[in-house]
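Shown next, in C-alpha cells, is the structure this report addresses.
When a ligand or atom number is given, it counts from 1 through the structure's own listing order. Everything quoted here is computed from the prediction, not taken from an experiment.
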Amino acid sequence: MKKITILGATGTIGINTLEVIKLHKNNFEVIALTANKNIERLARLCLEWLPKYAVMADTDAAEQLEKLLKNSSTQVLSGVEGLTKVASLDEVDMVMAGIVGGAGLIPTLAAAQAGKRVLLANKEALVMSGQLFMDAIKQNNAELLPIDSEHNAIFQCLPNSEQAGIQKQGVSRILLTASGGPFRTFSLDQLKNVTPAQACNHPNWSMGQKISVDSATMMNKGLEVIEACWLFNAKSEDIEVVLHPQSIIHSLVEYIDGSLLAQLGNPDMRTPIAYALGWPARIESGVKRLSLIDVARLDFEAMDFNRFPCLQLAYDAMQAGGTSTVILNAANEIAVQAFLQEKLKFIEIPKVIETTLSNLSGRNADSLEIILEDDTKARELSQEIVNSI
Ligand code: NAD
Ligand code: MG
C-alpha cells in the first residue's frame, strides 16, 4: 500500500491523479488532499476519499472547510505550514506536486527534503529553484518523476533515469514537442485582440487556466525547456522545440548514432501520472488506446519566435542563469493573471516579462531566501508595469 499526498487536489492534475488511483484502490491510500480556496470541491473529495488531512492554503477557506467536515475524521490544516506538513509526513511515500505556480515551491521542496517520491507537475517550482531542488532530491535520496507529458516522455526515452547528464548517455539532443496552442496559425494582427476564453480553449489538452494561457503564449514551452535542463542535466542549446499540432508524440530523444526515440499516446495526463505512480512497474491508466489508423498523420513545423516571443525570453533567462528564471516566472504569473482579468492584452504579456527582466538583474540562486526575495521583487515590479500600461 503506497501512501500519497496530493497537493493541488482540486485542479486538473489532482483530479486526474485521483482518477488513476481509483483504478488501484488496493495499492494506494490517500493521506492528504490540498487546495487553495475551492472549499466545496475539496469537501466533496474529502467525503469521498476520507484522507487523514485536508489543507486549504487560504486560512478563511480552511475555517469553512472545517465546519463542513465537522462530522468526519479528516483533520483540517491551513496555510503554507499545513501544505509543508502534509508534503513531508513520515507515513507518506509519495507526493503529487500539482499546485500551480510559485505557490507550489515551498511544499514541493519540502517533499524533496523529506526524501519522498516527488511526482512533479508543478514546473514553476523547478524553474524557480532548479539547482536547490535537484540538490535536495539527491541529498535526501528522494525520487523525482516528471509528470509534465513532454518530460515524462523524455524520461521514458532516456537509457536510464540517473542524472548523469545527457552527453554521457550518448544523447545528442532533446526534441521537445509543442502543439502550438490555440493560436498556432494566428497572425500577429489576429493575436492583438484574442480573449482569455479563446486562450483557455486548448485544441488538445484540458488544463487549468494559467497553463492554458502559457500554452497559448508559448511560455509553457519556455518553462518546459528550463524544466528539461534541470531534470536531465542538459544545456538549453541541447533542447530544440518542434511544433507538432496533433500532440501524439509527447517528445523525443536523439542519440549520437542518429536514432530518435519517441513516446506516443493520446493526449491524456493520466498516462504520465500512472507511469509515475507505478514506476518502475507499468500500471493501468484508464486512457483510451491510441489508434494510429485514426491519427493517420503526424505533422511537424518549425517554431515562430516572432509571433511567440515568450519562448526566446525563457531560453535567454536560462542562459543568464541564477534568479533570472525566478524573475521570468514571477513576471509571467503577474502578466497572465492580468490578462485573465482583462487588464492586459495578450500581446502585452511578453512585453511585461521583457521589461521586468531588463530592469532587474538576476543573481546566484543559492538559497530559498534569495529566490523568494527576487520572486517578490519581480512580482512587485511587473505589477507596476501592468498598472502603467
Ligand atoms: P489547476 O488550476 O487546474 O489547479 C491548480 C491547483 O493548485 C488547485 O488545486 C488549486 O487549489 C491549487 N492552488 C492554486 N493556487 C494555490 C495556492 N496559492 N496555494 C496552494 N494551492 C494553490 O492547474 P493544473 O492544470 O492542474 O496545473 C497544476 C500544475 O501542473 C501547474 O504547474 C501546471 O503547469 C502543471 N501541469 C499541468 C498539466 C495539465 O494537463 N493540467 C500538464 C503539465 C503540467
Ligand atoms: Mg507539458
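- Looking at K123 and N220, their side chains do bring a donor and an acceptor atom within 3.5 Å of each other.
- From the protein, the heavy atom lying nearest to atom 42 (C) of ligand 1 is M269 CE, 3.6 Å.
- A distance-only check finds no donor-acceptor pair linking the side chain of T10 to the backbone of A35 [under 3.5 Å].
- Nearest non-hydrogen protein atom to atom 29 (C) of ligand 1 is I99 O, 3.6 Å.
- Annotation: ring-ring contact (aromatic ring centres under 6.0 Å, His included) contacts of F339 (sequence neighbours excluded): F346.
- Side-chain contact, D299 with Q246: a donor N or O sits under 3.5 Å from an acceptor N or O.
- Applying the side-chain contact (heavy atoms from CB on, under 4.5 Å) rule to D93 yields the partners K2, K3; only residues at least two apart in sequence or on another chain are considered.
- Of all the atoms in ligand 1, the ones that sit under 4.0 Å from a non-hydrogen atom of A103 are 17 (C), 18 (N), 19 (N).
- For M134 against L144, the heavy-atom pair with the smallest separation is SD-CD2, 3.7 Å.
- With a 6.0 Å radius and a threshold of 12 heavy atoms from other residues, nucleotides or ligands, K377 has its NZ atom above the threshold.
- Here is the list of ligand 1 atoms found below 4.0 Å of a heavy atom in A35: 11 (O).
- Partners of H151 according to the ring-ring contact (aromatic ring centres under 6.0 Å, His included) rule, which considers only residues two or more places apart in sequence or in another chain, do not exist here.
- Within ligand 1, the atoms closer than 4.0 Å to a non-hydrogen atom of T10 are 8 (C), 9 (O), 10 (C), 11 (O), numbered from 1 in the order shown.
- Among all heavy-atom pairs drawn from L7 and A87, the shortest one is CD1-CB, 4.4 Å.
- Between the side chains of S179 and H202, at least one donor-acceptor pair of N or O atoms lies under 3.5 Å.
- If you check each of N36, I6, I13, L33 against atom 11 (O) of ligand 1, the one with the closest non-hydrogen atom is N36.
- At a cut-off of 2.8 Å, measuring from the Mg ion (ligand 2), the protein N, O or S atoms that fall short of it are D148 OD1, E150 OE1, E224 OE2, waters left aside.
- Of the candidates K123, E124, M207, it is M207 that places a heavy atom closest to atom 41 (N) of ligand 1.
- When hydrogens are left out, the protein atom nearest atom 25 (O) of ligand 1 is G208 N, 2.9 Å; that is the closest non-hydrogen contact.
- Residue T12 has at least one N or O atom closer than 3.5 Å to an N or O atom of ligand 1.
- At least one donor-acceptor pair closer than 3.5 Å links the side chain of D58 to the backbone N or O of D60.
- Relative to atom 30 (O) of ligand 1, the option among G101, P107, A121 with the closest non-hydrogen atom is A121.
- The G8 neighbourhood of ligand 1 comprises atoms 6 (C), 7 (O), 9 (O), with distances under 4.0 Å to a heavy atom of that residue.
- When only non-hydrogen protein atoms are considered, atom 5 (C) of ligand 1 lies nearest to V100 CG1, 3.6 Å.
- Side chains of D257 and S259: a donor-acceptor N/O pair is present below 3.5 angstrom, by distance only.
- Listed by number with element, the atoms of ligand 1 under 4.0 angstrom from any heavy atom of N122 are 32 (O).
- A salt bridge links E19 with K22: at least one charged nitrogen is closer than 4.0 Å to a carboxylate oxygen.
- For the residues G98, G11, G14, P272, the heavy atom positioned nearest atom 28 (C) of ligand 1 is part of G98.
- Protein heavy atom at the shortest distance from atom 19 (N) of ligand 1 is A57 CB, 3.4 Å.
- The protein heavy-atom contact nearest to atom 43 (C) of ligand 1 is D148 OD1, 3.1 Å.
- Heavy-atom minimum distance, L264 versus H250: C-CD2, 4.1 Å.
- Looking from atom 36 (N) of ligand 1 to the surrounding protein, the closest heavy atom is I211 CD1, 3.6 Å.
- Heavy atoms of N38 come nearer than 4.0 angstrom to ligand 1 in no pair at all.
- Within 6.0 Å of CD in Q312 there are more than 12 heavy atoms belonging to other residues, nucleotides or ligands.
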